[in-house]
Amino acid sequence: MDIIYLDNNATTRVAPEVVEAMMPFLTEAYFNPSSMYEASRGPADAIAAARRTVAKLLGNARATEILFTSCATESNNTAVYGTIAARPERRHIVTSAVEHPAIYEVAKDLARRGFEVDFVPVDTQGRIDKGAFVRALRPETLLVSVMHANNETGVVYPIAELSRIAKETDPSIVFHTDATQTVGKLPIDLRGSFQHVDLLSFSGHKLHAPKGIGALFIRRGTPCRPFLLGGHQEDGRRGGTENVAFIVGLARALELAAGRHDADEPRIRAQRDRLQSELVARIPYLEVNGGEAERLTNTLNIACHFIEGEGILYQLSEHGICASSGSACTSGSLEPSHVLRAMKVPFTAVHGSVRFSLSHYTTDAEIDRVIEVFPEIVASLRRLSPYWDAAKNVPRPEALAMLSETEMPQAR
Ligand code: PLP
């Protein structure tokens, strides 16, 4: 059975062009880039070129402002722990209620350790409450960390505006954004609209580079202590022998994404919009999570009332269709996602949410296939649901009454 891969916010397939660019550094050019002999010059030069490429494609950043890491989780941890280590006198942090665990769990860890952390709420569409954001900022705030786009819903956050507001409150507030879901999908201009962003994280495996490579932009002059201490690699900012092939692959993937953006964007948007409108038309009691907010064009998160996401994913998988019921890190747990809870998705739907995320490689035929099988999957699961009257093929009255409830009903 052919796989229909619609889980690109979890990870992406590595582009053949990326593999090709990486191969020399996995084979004959394996030398340690820090060594002194002539043969090491090739890998060292390749890292330098990749750093220039990545910097340029993020809006003409300086090459020295790019730090290569192992993943976005490491970039995020470096950004947060590196900032607090550099300025121990400040202990107030502002973040959002919908961050990926790679920030959310770090923020909760800091709160447990006595930092003051404000988790700015979002509305039912997942949009950040700007009033609450402004009220949370204080002159003594150390760090603000708000993601550029949410991995579960695709909702895009107004980072240019939020970073400007933070700097107006106090220019020394450090502004970090987790751009893991946007680099390669949305243009990022660190000299223009993102000029107030000090730290920006992302990961290769979301944009057709391999897993195990990430990057952190650190604007010149930003106080950020190294997170991994060791050798002098990365200009003394991260110990550890550089992952040459993967660094080269990351730069190649960014180049490809930039070159393909203008053609990919409208095609992927049309595919996602068609998937959305067809499913909404064919399935009753279905909502689009974040549907009224500005969203990444590749993401569709739908809430199917009265059924369980796990059941849907299992049945999709029987058809070879790969999707997700939340962030990859939280799937497997029975807890509904903190993102959907923050958006107050009703109790009857929060467990039945499914995310489809498209990519450059998604075809119209694959979208057709999902439109064909998904309504029947939902219908068959509803027939088994205690909230559904299978004889009349409608929700039970008591289930309808719960439609607006966000919390689990108490056991009676
Ligand atoms: N941040 C966001 C928004 C993500 O979507 C992800 C991955 O799902 C991460 C961070 C973590 O990325 P990595 O797997 O590279 O650590």
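Indexing begins at 1, ligand by ligand and atom by atom, following the structure's order. Heavy-atom basis, side chains included; hydrogens, waters and symmetry copies ignored.
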For atom CD of Glu17, is the number of surrounding heavy atoms from other residues, nucleotides or ligands below 6.0 Å larger than 12? yes
Lys206 heavy atom under 4.0 Å from ligand 1: yes
Which pair of non-hydrogen atoms, one from His360 and one from Arg267, has the smallest distance, and what is that distance? O-NH2, 2.9 Å
Counting each atom of ligand 1 from 1 as listed, which ones have a heavy atom of His205 under 4.0 Å away? 13 (P), 14 (O), 15 (O)
Which part of Thr73 is near ligand 1, with near meaning a heavy atom under 4.0 Å away: side chain, backbone, both or neither? both
Any N/O pair Gln181/ligand 1 closer than 3.5 Å: yes
For a quick check under 3.5 Å, do Tyr387 and Ser385 share a side-chain donor-acceptor pair by atom type? no
Would you confirm whether the ring centroid of His208 sits within less than 6.0 angstrom of the ring centroid of Tyr361? yes
To atom 9 (C) of ligand 1, the nearest of Glu74, Glu99, His100, His148 on a heavy-atom basis is His100
Under 4.0 Å from a heavy atom of Cys71: which atoms of ligand 1 are those, numbered in the order shown and with their elements? 13 (P), 15 (O), 16 (O)
Mind checking whether Lys211 has a heavy atom under 4.0 Å from ligand 1? no
Ligand-side contact atoms (ligand 1) for residue partner Met147, heavy atom cut-off under 4.0 Å: 3 (C)
Does any N or O of ligand 1 fall below 3.5 Å from an N or O anywhere on Ala72, backbone included? yes
Measure from the ring center of Phe347 to the ring center of Phe306 and say whether it is less than 6.0 Å. no
Is the centre of the Tyr104 ring less than 6.0 Å from the centre of the His338 ring? yes
